[in-house]
Amino acid sequence: MPQQLFPTILTLCNFVGGVLAIYAVFEQKFGVAIICISLGLLFDVFDGWTARKLNAVSTFGQELDSLADIVTFGVAPAILAYQLVLSDLGQLGLSIALLYSIGAVLRLARFNAMQSDLPTFVGLPVPVAAIGLLLSVALMSPWLVLINSCLFAWLMASHVKFPHFKKNKLDGDEVHDVHKSVN
């Protein structure tokens, strides 16, 4: 098995988790959707770790990881939030769900375009925003979800710096990023 295959499979499992979460929302199986997004998060953590351990870090892996993250943490939570809570607000709710997804896409595009070796993230990481949105949805308050969706969208697209706890020192001063290190 080539070194890149295992991290790639883990990243694809992240993607599949997001797609299955969307299907679960369409079937009104909201608990299943939350489980699928949570499993996607687990696969997202381990794909980069595995890539580093197997010395299989690549640009392809980074791009694949971001595409999977868009689905699992940018689109699936927004659809879930809309269906469960924001739909009560009509077109405004739909606009807010879309705004959250746009924030995620902007964050991931900037992340891939600007390879930072800083020990911080620029903009709120998309998986963290997804966790925050899911927690907001659990409270079932349309206005709380609306406010938090806007806040998370802004934080993801912002230039606010957030600590990066997953940076590891490897081979002297070389710094690798878990999120960038798939395959």
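As the structure is a prediction and not an experimental result, all values here were calculated from the model.
Atoms CH2 and CG, on Trp143 and Asn148 in that order, are 13.5 Å from each other to the nearest 0.5 Å. Taken to the nearest 0.5 Å, the CD atom of Glu27 stands 11.5 Å off from the CG atom of Leu20. Taken to the nearest 0.5 Å, the CG atom of Leu151 stands 8.5 Å off from the CG atom of Leu124. Between Arg110 atom CZ and Ser66 atom OG the span is 12.0 Å, to the nearest 0.5 Å. Taking OG1 of Thr50 as the reference point, atom CD of Gln4 lies at 13.0 Å (rounded to 0.5 Å). The distance from the CZ atom of Phe46 to the CG atom of Leu41 is 10.0 Å, given to the nearest 0.5 Å.
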Check the pair Leu108 / Asn112 against side-chain contact (heavy atoms from CB on, under 4.5 Å), numbers first and verdict last.
CA-CA 6 Å; Leu108 290 164; Asn112 285 353; 5.6 Å; no
Residue pair Val25, Tyr82: steps toward the side-chain contact (heavy atoms from CB on, under 4.5 Å) verdict
CA-CA 10 Å; Val25 170; Tyr82 175 76; over 6 Å; no
Test side-chain contact (heavy atoms from CB on, under 4.5 Å) on Leu94 and Leu86 and set out the steps.
CA-CA 7 Å; Leu94 181 60; Leu86 293 174; over 6 Å; no
Full working for side-chain contact (heavy atoms from CB on, under 4.5 Å) between Val160 and Trp154:
CA-CA 10 Å; Val160 174; Trp154 178 79; 3.9 Å; yes
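Using cut-offs of 30° and 60° for the angle between ring planes, the Phe121 and Phe111 rings count as tilted.
In this structure, the side chains of Asp44 and Thr72 stay at 4.5 Å or more apart for every pair of heavy atoms. Side-chain contact between Cys36 and Tyr23 is absent, with no heavy atoms from C-beta onward closer than 4.5 Å. Asp47 is listed as a side-chain neighbour of Asp65, based on a closest heavy-atom distance under 4.5 Å. Side chains of Leu155 and Phe162 form a contact here, defined as non-hydrogen atoms less than 4.5 Å apart. When side chains are defined from C-beta on, Ile35 counts as touching Leu39, because their heavy atoms get closer than 4.5 Å. Put simply, the side chain of Phe43 does not reach to within 4.5 Å of the side chain of Thr11, judged on heavy atoms. Residues Val85 and Leu144 are not in side-chain contact: their nearest non-hydrogen atoms beyond the backbone lie 4.5 Å or more apart. Two residues are said to be in side-chain contact when any heavy atoms from C-beta on lie closer than 4.5 Å; Ile37 and Pro77 meet this criterion.
Taking all atoms of both residues into account, the shortest heavy-atom contact from Gly18 to Ala76 is O-CB, 3.8 Å. When every heavy atom of Gly132 is checked against every heavy atom of Phe152, the shortest pair comes out as C-CE1, 3.4 Å. The minimum heavy-atom distance linking Asp69 with Val126 is given by the pair O-CG1, 4.2 Å. The heavy-atom pair separating Val145 from Ser136 by the smallest distance is CG2-O, 3.6 Å.
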